[in-house]
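FYI, the numbering just counts along the sequence from 1. Note that the coordinates shown come from a computational prediction; the quantities given were computed from them, not determined experimentally.
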Amino acid sequence: ATPDGGCAASVGAPRHQVVYFSAAGKELRAVGKAGGRPLCGKMQPENFISPVGLCVTGNGKLFVAENSVPKRFTRWSPTGTLEKQFIGPQYYSGMFGIDEENPDYIYGDTHGSLIRFKFDYKTGQWNVDSYWTNVYVGTDNAPDQGAAPAKWWPRIRHHNGKTWWCSGNGGIVQLDDGSFRPLAAV
């Protein structure tokens, strides 16, 4: 319930928003853009993928949990402005790789999806820069992409403007802005 007697609800696909309703059930406004964030691409912190849990506090602040990549928990002002985001653990292991050519970028494996974090060495802050969902399995959105088992001890490589995730188990995935392409699995 909201402080004014209404309520807020998380709405999944295809909207991917949090919707506020009056006490009479009339839709008042929504947080996040309709359609949400893309499955792969640059992080859009002010949008959602699969908001699944939420809480509105007595002072009107909104907390939202997402069932997505990256695992994310966000806090919003009573007017719907993003105040803070918390990125949760994806997998408890050493499946991270530093981009040797650009060490501000650290790549992580979530057991199915890949995330590129931008790390600020001065402040110690990590922020999600980009992500690629369902790299291990074909997706409904791109069934022709195939899949690559891109696990274990990644090395990030660049050549002719392209970026590749090269995994310790022989999987190679080309990472583009907004898409990925499995290239090899040994």
Side-chain angles (χ1 to χ4, degrees), residues 1-93 95-96 104-120 122-143 145 175 177-180:
T2 58
D4 61 1
C7 68
S10 58
V11 180
R15 282 186 70 172
H16 298 287
Q17 292 179 298
V18 172
V19 180
Y20 283 86
F21 296 93
S22 69
K26 178 182 176 191
E27 184 173 325
L28 301 174
R29 63 186 171 96
V31 177
K33 89 173 174 191
R37 296 188 274 121
L39 289 176
C40 299
K42 284 291 210 183
M43 184 62 177
Q44 298 173 5
E46 50 292 318
N47 296 309
F48 301 108
I49 295 179
S50 299
V52 293
L54 59 89
C55 172
V56 180
T57 63
N59 64 2
K61 291 202 185 255
L62 170 69
F63 289 83
V64 181
E66 292 176 71
N67 183 21
S68 66
V69 172
K71 300 282 186 213
R72 191 168 79 126
F73 191 75
T74 51
R75 183 182 72 213
W76 303 78
S77 73
T79 60
T81 301
L82 178 64
E83 292 182 340
K84 187 138 177 92
Q85 65 178 347
F86 308 90
I87 305 300
Q90 301 297 324
Y91 181 69
Y92 295 104
S93 82
M95 295 195 317
F96 284 83
D104 291 346
Y105 290 116
I106 300 172
Y107 291 73
D109 175 6
T110 70
H111 254 314
S113 300
L114 306 176
I115 300 174
R116 179 174 61 208
F117 296 92
K118 180 138 174 103
F119 184 66
D120 184 327
K122 290 178 184 157
T123 65
Q125 294 294 308
W126 294 64
N127 288 301
V128 174
D129 176 71
S130 297
Y131 55 91
W132 298 268
T133 303
N134 294 328
V135 172
Y136 294 8
V137 295
T139 67
D140 291 339
N141 293 336
Q145 281 185 307
L175 303 176
D177 291 337
S179 67
F180 65 89

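By the 4.5 Å heavy-atom criterion applied to side chains, L114 and D109 are counted as neighbours. The shortest distance between side-chain heavy atoms of P38 and Q44 falls below 4.5 Å. Side-chain contact between N134 and L39 is absent, with no heavy-atom pair separated by less than 4.5 Å. By the 4.5 Å heavy-atom criterion applied to side chains, H16 and S50 are counted as neighbours.
Scanning both residues, G53 and S10, for their nearest heavy atoms gives N-OG, 4.4 Å. Listed here is the closest heavy atom pair of P70 and I115: CB-CD1, 3.5 Å. R15 and A30 make their closest contact through NH2-CB, 3.9 Å (heavy atoms, listed as atom of the first residue, atom of the second, distance).
Classification of the W126-F117 ring pair by plane angle, with boundaries at 30° and 60°, yields perpendicular. Ring geometry for F86 against F73 counts as tilted: the plane angle lies between 30° and 60°, on a 0 to 90° scale.
Residue L82 holds its CG atom at 9.0 Å from OG of S77, rounded to the nearest 0.5 Å. Rounded to the nearest 0.5 Å, atoms CH2 (W132) and OG (S113) are 11.0 Å apart. Here the CD-NZ distance, from Q17 to K33, works out to 10.5 Å after rounding to the nearest 0.5 Å. Between the CG atom of D4 and the OH atom of Y20 there is a distance of 9.5 Å, given to the nearest 0.5 Å. Atom-to-atom distance recorded for L54:CG and T74:OG1 is 9.5 Å, nearest 0.5 angstrom. Annotation: the span from R37 atom CZ to S68 atom OG amounts to 4.5 Å, rounded to 0.5 Å.
A cation-pi arrangement is present between K118 and Y105, with the terminal nitrogen or guanidinium carbon under 6.0 Å from the aromatic centre and inside a 45° cone about the axis.
By the side chain to side chain contact (heavy atoms under 4.5 Å, CB included) test, N59 pairs with T57, K61, sequence neighbours left out. Residues meeting the ring-ring contact (aromatic ring centres under 6.0 Å, His included) test with W76, sequence neighbours left out: F48.
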Take K42 and D129, measure what side-chain contact (heavy atoms from CB on, under 4.5 Å) needs, and give me the verdict at the end. CA-CA 6 Å; K42 284 291 210 183; D129 176 71; 2.8 Å; yes
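Checking side-chain atoms of R72 against main-chain N and O of P45 turns up a donor-acceptor pair under 3.5 Å.
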